[in-house]
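Quick notes on the structure that follows.
A, B, ... follow the sequence lines: proteins, then strands. Residue 1 opens every chain.
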Amino acid sequence: MRLSEYFLPLLRENPSEAQIVSHRLMLRAGMIRQSSAGIYSWLPLGLRVLKKIERIVREEQDRAGALEILMPTVQPAELWRESGRYDDYGKEMLRIRDRHDREMLYGPTNEEQVTEIVRASIKSYRDLPRMLYHIQWKFRDEVRPRFGVMRGREFLMKDAYSFDLDAAGAKRSYNKMFVAYLRTFARLGLKAIPMRADTGPIGGELSHEFVILAETGESAVYCDRAWLSTDILATEVDYHGDLEPIFQRWTGLYAATDEKHEPDSCPVPREELVEARGIEVGHIFYFGDKYSQPMGALVIGPDGETAALEMGSYGIGVSRLVGALIEANHDGAGIIWPESVAPFRIGLINLRPGDTRCRDTADDLYGKLLGANVEVLYDDRDESPGAKFATMDLIGLPDQLVIGPRGIAGGTIEVKHRRSGERQDVSIETALRLLTASEPGPLAASAPGTKARRPGRARSEGGRKGPRSGKLQDGERPIPDPA
RNA sequence: CGGAGUGUAGCUCAGCCUGGUAGAGCACCGCUUUCGGGAGGCGGGGGCCGGAGGUUCAAAUCCUCUCACUCCGACCA
């Protein structure tokens, strides 16, 4: 994409309404614009990131055996009366009346809706287990929206629902999602730690929240130091096998939110305990027949007996993750995207568009990168060099290629790695090889969080890896050290 | 929902106390000089001062109401 043809409305100064760094950077980098309190429009750059996250979430859900559906945003109040939540939910629920004066609501979640779908169609244990998910906009009329997309009223969420015959089956489904979540966040370049959680308004008995560590997190969390050096993607996963050992392994490592942490009875010795800030990005629940019972979602078991479905629900805050990723990946100059979610893989800067040699070289390189399926944002604008550098640093693309008269004279261009700040003058051929090869290049080796980059795969991978029943590849995403 | 603030140009803000008909920097447009970390010069466009009502000869400024947004607290993907 040529920047001269792109829509990237940058802000040079911090908008006064934005307090936290991710909110400020998202506004400044032209990713979002606020529509009203807690409601945002997504501009091209922000939308690209949102879609990348969505794709990874989708791939891991599919891999775990969940099936994608799409349920409506507007739901009938009637359904929620069946579960009893219409009155329980309170003012957080946005209630609407249609022209026939029928009571509707903009869904804050979809347990009732999905239960209604399943109860109408699944009558036998032979049709179980099933997991359904969708990625859809939700609305919760927060009293006080804040932190930009991290705590908006309208937000994009992946919510999955599992249906099993009995508690043992439900636990197996729970484990699948538990593992899928670990993998999803790891691929996003985040260290997400599952913590035992209260079930809140969803209800139920077993629940974990997934919290990522970020200096600017909203709540204090405590965990075993061992968490920092774990690599979840190194664990082989067979979703058809027994996942309980993996579940046990990852829940065995100490981790607790502020409310649950007891300094006096903490099993981890002081020197091994990490105190950090956390942001909740996912939450999973097992709640049995809380909805299936009142709503009559029943199946006949092998013994001929009728039983209410055992259910669980599993949420990931997709839009919140955009903010959370920035909280965990930024510096004074701007955003630093992990490669897996970067809106573009490479920022190509032509410092002197007026110069024929610079322009020809840049145009040529741009064409070759596109030809190699590398997502590249090409700054071909007639701007001062400083402005171009600042722009690229702000929007945080993983690598920058700088073409200017100084280098061209010596036959080189500059490659700059955004995260480390490391720069190298290399030949054009070398640059191309570095950025399109499947093997890690020299720069990558010294740069944290990029050791296994495979830049050329961005498009080609595209979610078509065939059936996801088998083993998983290792090291799809390295995990940057959050400390 | 309690408490506290803020609404003036696209962005950051001054002007308001002490009423006299709208400003700065950045951004934008034109010309020009520049050109490796948000450059310089000259010229230019842009605001019913959140909205409504009131006081006054006169309101961005004083009063009343209203709307929006933000912050702190209680609640959440």
Between the base of [N] and the side chain of [X], is one N or O donor paired with an acceptor at under 3.5 angstrom?
| X | N | result |
| --- | --- | --- |
| A:E17 | B:G7 | no |
| A:R28 | B:G10 | no |
| A:R151 | B:C75 | yes |

field: RNA chain B: 5'-proximal contact among A:G152 and A:P385 (nearest heavy atom)
entry: A:P385

- request: Hey, which sits more toward the 5' end of RNA chain B by its nearest nucleotide, A:M150 or A:R352?
  value: A:R352

field: Phosphate-side-chain proximity, A:K388 and B:G37, N/O vs OP1/OP2 below 4.0 Å
entry: no

message: It should be established whether A:S384 places a side-chain nitrogen or oxygen under 4.0 Å from OP1 or OP2 of nucleotide B:A39.
response: yes

For [X] and [N], give me the distance from atom [atom1] to atom [atom2], rounded to whole Å.
| X | N | atom1 | atom2 | answer |
| --- | --- | --- | --- | --- |
| A:E383 | B:A39 | CD | P | 9 Å |
| A:E13 | B:C11 | CD | P | 11 Å |
| A:R85 | B:C76 | CZ | P | 13 Å |
| A:L27 | B:A27 | CG | P | 19 Å |
| A:I279 | B:C76 | CD1 | P | 18 Å |
| A:E142 | B:C71 | CD | P | 13 Å |
| A:E280 | B:C76 | CD | C1' | 8 Å |
| A:E209 | B:A77 | CD | P | 7 Å |

Partner of [N] by Watson-Crick or G-U wobble geometry, both contacts under 3.5 Å, or none?
| N | result |
| --- | --- |
| B:G23 | B:C13 |
| B:C31 | B:G41 |
| B:C48 | none |
| B:U6 | B:A68 |
| B:C62 | B:G54 |
| B:G73 | B:C1 |

Using a 4.0 Å heavy-atom cut-off across all strands, classify [X] as base, sugar-phosphate, or nothing.
| X | value |
| --- | --- |
| A:N14 | sugar-phosphate |
| A:V281 | sugar-phosphate |
| A:Q19 | sugar-phosphate |
| A:G354 | nothing |
| A:G404 | base |
| A:S319 | nothing |

field: Row check, A:Y89 ring normal vs A:R140 NZ/CZ: under 6.0 Å, within 45°
entry: no

task: Check whether NZ of the Lys or CZ of the Arg A:K171 lies under 6.0 Å from the centre of the six-membered ring of A:F247 and within 45 degrees of that ring's axis.
output: yes

Using the [atom1] atom as the point on both nucleotides, what is the distance between [M] and [N], in whole Å?
| N | M | atom1 | answer |
| --- | --- | --- | --- |
| B:C62 | B:C76 | P | 42 Å |
| B:U70 | B:G46 | C1' | 27 Å |
| B:U61 | B:G45 | P | 27 Å |
| B:C29 | B:C71 | P | 32 Å |
| B:G41 | B:U34 | C1' | 11 Å |
| B:U55 | B:C63 | C1' | 7 Å |
| B:G15 | B:G25 | C1' | 15 Å |
| B:A68 | B:C28 | C1' | 27 Å |

field: Aromatic ring of A:F155 stacked on base six-ring of B:A77, 5.5 Å, 30°
entry: yes

field: Neighbour count >12 (heavy atoms, 6.0 Å) for atom CD, A:E78
entry: no

Proximal nucleotide (of [options]) relative to the [X] side chain:
| X | options | result |
| --- | --- | --- |
| A:D393 | B:C1, B:G37, B:C76 | B:G37 |
| A:P15 | B:A77, B:U12, B:G36 | B:U12 |
| A:R144 | B:C1, B:A77, B:U12 | B:C1 |
| A:R320 | B:A77, B:A74, B:C13 | B:A77 |
| A:Q34 | B:C76, B:G36, B:C69 | B:C69 |
| A:S16 | B:A77, B:C35, B:U12 | B:U12 |

query: For A:L25 and A:G334, which heavy atoms make the closest approach, and how far apart are they?
result: CD2-CA, 3.8 Å

message: Which residue is it: A:R55, A:K158, A:Q61, A:M157? I am looking for the one with a side chain to side chain contact (heavy atoms under 4.5 Å, CB included) to A:I135.
response: A:K158

message: Would you say the rings of A:F210 and A:H208 are close, in the sense that their centroids are separated by under 6.0 Å?
response: no

query: What do you reckon, are the aromatic ring centroids of A:Y286 and A:Y314 less than 6.0 Å apart?
result: no

query: Ignoring hydrogens and geometry, is there a side-chain-to-backbone donor-acceptor pair from A:E209 to A:I284 under 3.5 Å?
result: no

message: Do A:V426 and A:T412 make a side-chain contact, defined as non-hydrogen atoms from C-beta onward lying under 4.5 Å apart?
response: no

